[in-house]
Amino acid sequence: MGGGASGHPPDTSVLPESPVLGIVIPVFGSTLSLLTIIEDIRLTFTPICTFRIYLVDDGNPPDIGDWLVQNCAGLPHVTLIRLKRNYGQQNAVLCGIRHSLCCRYIATMDDDLQHDVRTLLALYHTILEGFDIVYAVPGADSLPSGAAKSPKSAVRFLGSRMRDLLFRAMLKLPRRVKVSSFRVMTGALAREITTDASGFFYLSAAVFHRPRKAKTLFYKARPRAYGKSGYTLPALVKLYGNILRFYSPLAPVLTTKKRRQTMLYEEAEPGVPGGKTIMILGGSNCQLHALERARYEGHRVILADYTSSPPGAPLAHVHCKVSTFDVDACIEAAKTHRADAVMTIGTDQPVYTAACISRSLGLPSSLSPQEALAVTNKKVMKQVLTDHGIPTVPWLLIDSTTAPRDLDGLTPPLVIKPLDSQGQRGIFKCATPGQLLSCLPGTLSFSRCTKALAEQFYPGDEITVSGWVRDGQLTVLTVTDRLLYPDPVHIGICIGHRFPSIHMNRYEEIYRISDATARAFQLKEGPFYLQLLIGQEGIRVNELACRIGGAFEDVTIPWLTGFDILKAVMDLSLGRPAALDLPKDFRPDRTEKQSAVQLLFGRPGEIASLTPVETLRQMPFLLDCGYNYRPGQKIPAAHNATARLGHGVITGTPDTIASHIDEFYRNLKILSPAGENLVTRLYPAR
């Protein structure tokens with residue numbers, strides 16, 4: 001499977017099982033048609049691309065619900081999601097789309113055989129041409145003679161005309177585009193329109209809130225083989241009244257805040273038999289693949305993230321707006337939602353929160369709270385390194401009582417860091433002790449501690465060692481160069497990771513110090529992430545973490561090594577054995593495969609438009625990409641990692657990697673209202 005006859009490049013998603021195409025089918029009152037639809041999809045799409053069918057049981061009577069479980073839940077390529085009651089077609093579609101957000105493209109179709117799978121194939125081929133969304137609408141030749149005169153058909157015709165007129169007057173529906181429930185859209189569009197969905201949801205109204213590249217295909221609809229239409233004039237009037245209330249410019253006036261925040265549906269159980277409830281700490285782009293994997297495997301997902309609309313929110317069954325730094329609030333949320341597991345990736349401080357939740361609720365964990373504190377709090381971390389003779393730069397703790405003379409043991413320039421923050425917040429390079437102490441209030445503003453870390457600046461290169469500890473034994477997976485933003489004051493901001501490192505000739509030394517660090521912290525099982533400094537005086541340990549790295553190592557490590565590190569972390573969180581499956585001839589210093597992770601930055605300014613993610617993903621060497629900002633938002637100055645625009649994960653060989661990076665930047669456009677490309681290429685050519 002993969003590209004096949006479609007001409008689409010092979011799927012290189014982070015998830016080995018992640019389909020190119022997700023097909024959402026809301027089910028209400030139908031059984032006889034479903035097996036036919038599923039088989040038609042299987043026969044049609046198996047040679048074309050990877051796919052998955054998401055059936056949403058929209059509160060069917062118990063006999064139909066039981067039939068769906070017995071006949072559909074265990075089928076290959078099928079995920080069954082069950083809702084607690086009947087919430088209506090649009091809300092069922094919303095639920096199915098949220099389950100399928102791991103897919104590159106997402107289609108929706110009805111369950112009554114009126115939507116032909118051959119037309120679905122035409123929709124798929126058309127979306128590959130670069131559209132955001134493509135609809136299939138019955139043509140004028142679809143109805144048998146005289147059918148247009150029937151009351152039902154007249155109501156449907158009137159309803160369609162009302163909807164199209166409403167969308168053209170109120171929204172951004174292009175001329176000559178008609179909408180329907182039979183469509184395919186990009187995963188990026190699906191993620192956007194489902195992020196804030198609450199109160200009332202109508203998919204096409206959400207789509208055309210702003211201009212889209214859309215197209216309509218006409219097809220000859222088949223007669224309804226099963227079920228009957230639910231169209232009535234009162235129902236249509238109510239529907240389009242709600243569209244006016246929730247999607248017109250007057251929506252804030254016509255609806256109450258409570259109604260706008262109302263939940264649209266509730267699932268009855270995890271998506272597959274054996275599914276668990278898993279809490280994931282953090283919903284930024286760094287955690288998206290963890291959320292996607294959990295949903296794909298049928299788990300009920302609880303997201304803890306204090307922001308209102310994090311990128312991962314559409315993938316969660318429940319979004320708890322709590323800080324991942326707030327241990328007590330996260331414990332309470334996990335208890336309330338009966339979490340069976342808790343995990344995080346790509347971020348430091350939630351590692352400690354996860355360990356505390358696990359200890360409090362008796363959940364599986366590879367780290368105790370004490371062990372997690374040692375790898376997330378720089379005071380404890382530095383002390384462990386010092387006590388075990390692990391080379392690190394000279395350091396000391398400072399607070400509001402510290403005087404410049406107290407720093408005489410450190411040779412300037414100096415660096416000040418919070419003890420318990422992340423994202424390079426509050427980190428400054430200072431020329432003198434006095435300057436460092438003047439930065440102390442700013443540093444502490446990013447910390448829960450009253451002390452900060454002062455250390456001697458060590459000039460040289462930064463590298464990152466990613467690995468896995470099993471039964472106390474470290475296996476190094478990759479060694480990458482950690483490339484930094486060129487700011488003389490706000491230091492440590494990463495602009496990219498390069499594999500293999502230019503320091504691979506020192507691999508044996510790198511391994512020895514990495515292994516000694518793992519043993520000093522008494523690590524037994526789980527991910528290993530070590531930042532090292534390489535300078536004229538040798539190798540120094542900068543920081544240690546027990547997590548998958550934030551430079552999308554959950555993407556690069558499987559591609560470079562064959563080890564599915566994200567699955568291993570999730571298995572550990574669920575109390576399952578995590579197998580370290582590597583090729584027999586594996587060596588972390590092999591160079592035939594190369595990767596270049598681009599962590600994007602740009603000049604400050606307002607964003608008018610961005611190259612669509614799906615356009616970028618047409619480049620076959622791009623494993624993953626995404627944006628942290630949207631049109632209309634402003635790019636801030638790069639004082640820490642929160643100013644990052646997005647990312648791109650590029651792969652290649654020693655002969656092709658440089659040209660692939662060049663091609664990526666030629667295609668990447670983040671434009672200002674004046675048409676200026678705001679992207680700043682910081683990643684070096686070589």
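Worth knowing before you read on, the calculation uses all heavy atoms, side chains too, and leaves out hydrogens, waters and symmetry mates.
- In this view, H503 satisfies the ring-ring contact (aromatic ring centres under 6.0 Å, His included) rule with no residue, not counting sequence neighbours.
- Contact check for I510 versus V465: side-chain heavy atoms found under the 4.5 Å cut-off.
- Two residues are said to be in side-chain contact when any heavy atoms from C-beta on lie closer than 4.5 Å; P500 and V479 fail this criterion.
- Put simply, the side chain of S421 does not reach to within 4.5 Å of the side chain of S447, judged on heavy atoms.
- The line from OG of S595 to CD1 of I657 is 6.5 Å long, rounded to the nearest 0.5 Å.
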Take R506 and D589 through the salt bridge (charged side-chain N to carboxylate O under 4.0 Å, His left out) test and state the conclusion after the steps.
CA-CA 10 Å; R506 302 180 69 171; D589 54 352; over 6 Å; no
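- With salt bridges taken as basic N to acidic carboxylate O contacts below 4.0 Å, none links R512 and E509.
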Expected list for residues 543-553: side-chain donor-acceptor pairs under 3.5 angstrom, two or more places apart:
| from | atom 1 | to | atom 2 | distance (Å) |
| --- | --- | --- | --- | --- |
| R547 | NE | D348 | OD1 | 2.6 |
| R547 | NH2 | D348 | OD1 | 3.1 |
| E553 | OE1 | A551 | N | 2.9 |

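- The side-chain heavy atoms of S501 and T480, taken from C-beta on, include no pair separated by under 4.5 Å.
- Counting only distance, with no hydrogens or angles, the side chain of Y511 and the backbone of L474 share a donor-acceptor pair below 3.5 Å.
- Counting heavy atoms from C-beta on, the side chains of L523 and S366 never come closer than 4.5 Å.
- Taking the charged nitrogens against the carboxylate oxygens, R617 and E614 do have a contact shorter than 4.0 Å, which makes a salt bridge.
- Contact of the T347 side chain with the T324 side chain is not registered, since no non-hydrogen atoms from C-beta on lie closer than 4.5 Å.
- Screening residues 656-675 for ring-ring contact (aromatic ring centres under 6.0 Å, His included), with sequence neighbours left out, gives F621-H660.
- Tested against D420 for a side-chain hydrogen bond (donor to acceptor under 3.5 Å, both in side chains), the candidates R448, K379, Q349 yield a single pass: R448.
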K451/T443 under side-chain contact (heavy atoms from CB on, under 4.5 Å): CA gap, chis, key distance, verdict
CA-CA 9 Å; K451 293 181 181 291; T443 295; over 6 Å; no
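- Residues V489 and K429 fail the side-chain proximity criterion, which asks for heavy atoms closer than 4.5 Å.
- The cationic group of K213 lies under 6.0 Å from the six-membered ring centre of F131 and within 45° of the ring axis, placing it in a cation-pi geometry.
- Between the side chains of H289 and D624, at least one donor N or O sits under 3.5 Å from an acceptor N or O.
- Rounding to the nearest 0.5 Å gives a distance of 11.0 Å between CG of L599 and CG of N285.
- Not counting sequence neighbours, the partners of S284 by the side-chain hydrogen bond (donor to acceptor under 3.5 Å, both in side chains) test are Q287.
- Residues satisfying the ring-ring contact (aromatic ring centres under 6.0 Å, His included) criterion with F601, sequence neighbours excluded, are Y485.
- Neither side chain, S514 nor T517, offers a donor N or O lying under 3.5 Å from an acceptor on the other.
- Residue E537 places its CD atom among 12 or fewer non-hydrogen atoms of other residues, nucleotides or ligands, all under 6.0 Å distant.
- Judged purely by atom type and a 3.5 angstrom limit, T186 uses its side chain to pair as donor or acceptor with the backbone of L189.
- D481 and R498 are joined by a salt bridge, as a carboxylate oxygen and a charged side-chain nitrogen come within less than 4.0 angstrom of each other.
- Here the CD1 atom belonging to I106 is positioned 8.0 Å from the CZ atom belonging to R191, to the nearest 0.5 angstrom.
- Take W468 and apply the ring-ring contact (aromatic ring centres under 6.0 Å, His included) test, not counting sequence neighbours, and it matches F563.
- Using a 3.5 Å distance cut-off with no hydrogens or angles, the side chains of Q531 and T464 do not pair a donor with an acceptor.
- Counting only residues at least two apart or in different chains, salt bridge (Lys or Arg N to Asp or Glu O under 4.0 Å) contacts with residues 590-605 comprise D585-R590, R590-E592, R603-E676.
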For side-chain contact (heavy atoms from CB on, under 4.5 Å), just list the numbers for V301 and L291, CA-CA rounded to whole Å, side-chain angles, deciding distance to a tenth of an Å, and then say yes or no.
CA-CA 7 Å; V301 179; L291 290 152; 3.5 Å; yes
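- In this view, R425 satisfies the side-chain hydrogen bond (donor to acceptor under 3.5 Å, both in side chains) rule with no residue, not counting sequence neighbours.
- By the neighbour-count criterion of 12 heavy atoms within 6.0 Å, atom CZ of F325 is densely surrounded, having more than that number from other residues, nucleotides or ligands.
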Where do L678 and I635 land on the side-chain contact (heavy atoms from CB on, under 4.5 Å) test, with the steps shown first?
CA-CA 9 Å; L678 298 174; I635 304 171; 3.7 Å; yes
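- Rounding to the nearest 0.5 angstrom, the gap separating the CG atom in L623 from the CG atom in L560 is 8.5 Å.
- Side-chain N or O atoms of T561 include one that pairs as donor or acceptor with a backbone N or O of I557 at under 3.5 Å.
- Screening residues 455-467 for salt bridge (Lys or Arg N to Asp or Glu O under 4.0 Å) gives K382-E455, K417-E455, E462-R482 as the qualifying pairs, with residues at least two apart or on separate chains.
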Taking it one step at a time, do D581 and K567 satisfy salt bridge (charged side-chain N to carboxylate O under 4.0 Å, His left out)?
CA-CA 11 Å; D581 295 324; K567 181 180 187 303; over 6 Å; no
Given side-chain hydrogen bond (donor to acceptor under 3.5 Å, both in side chains), test T656 with T653 step by step and report yes or no.
CA-CA 5 Å; T656 63; T653 66; 3.1 Å; yes
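- For F428, the ring-ring contact (aromatic ring centres under 6.0 Å, His included) partners at least two apart in sequence or on another chain are H490.
- At least one donor-acceptor pair closer than 3.5 Å links the side chain of K669 to the backbone N or O of R666.
- At least one side-chain heavy atom of Q598 sits less than 4.5 Å from a side-chain heavy atom of I650.
- For P211, the side chain to side chain contact (heavy atoms under 4.5 Å, CB included) partners two or more places apart in sequence, or in a different chain, are K172.
- Judged purely by atom type and a 3.5 angstrom limit, S323 has no side-chain atom pairing as donor or acceptor with the backbone of D305.
- To the nearest 0.5 Å, atom CD1 of residue I565 and atom OG of residue S466 are 6.5 Å apart.
- No donor-acceptor distance shorter than 3.5 angstrom exists from the side chain of Y683 to the backbone of A596, with no hydrogens or angles considered.
- Put simply, the side chain of T344 gets close to the backbone of L281: a donor and an acceptor are under 3.5 Å apart.
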Check step by step if side-chain contact (heavy atoms from CB on, under 4.5 Å) holds for I493 and D487.
CA-CA 9 Å; I493 304 172; D487 189 303; 5.6 Å; no
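- Using bins of under 30°, 30° to 60° and over 60° for the plane-to-plane angle, the ring pair Y529/H497 lands in the parallel bin.
- Applying the salt bridge (Lys or Arg N to Asp or Glu O under 4.0 Å) definition to pairs two or more places apart or across chains, none involves residues 628-655.
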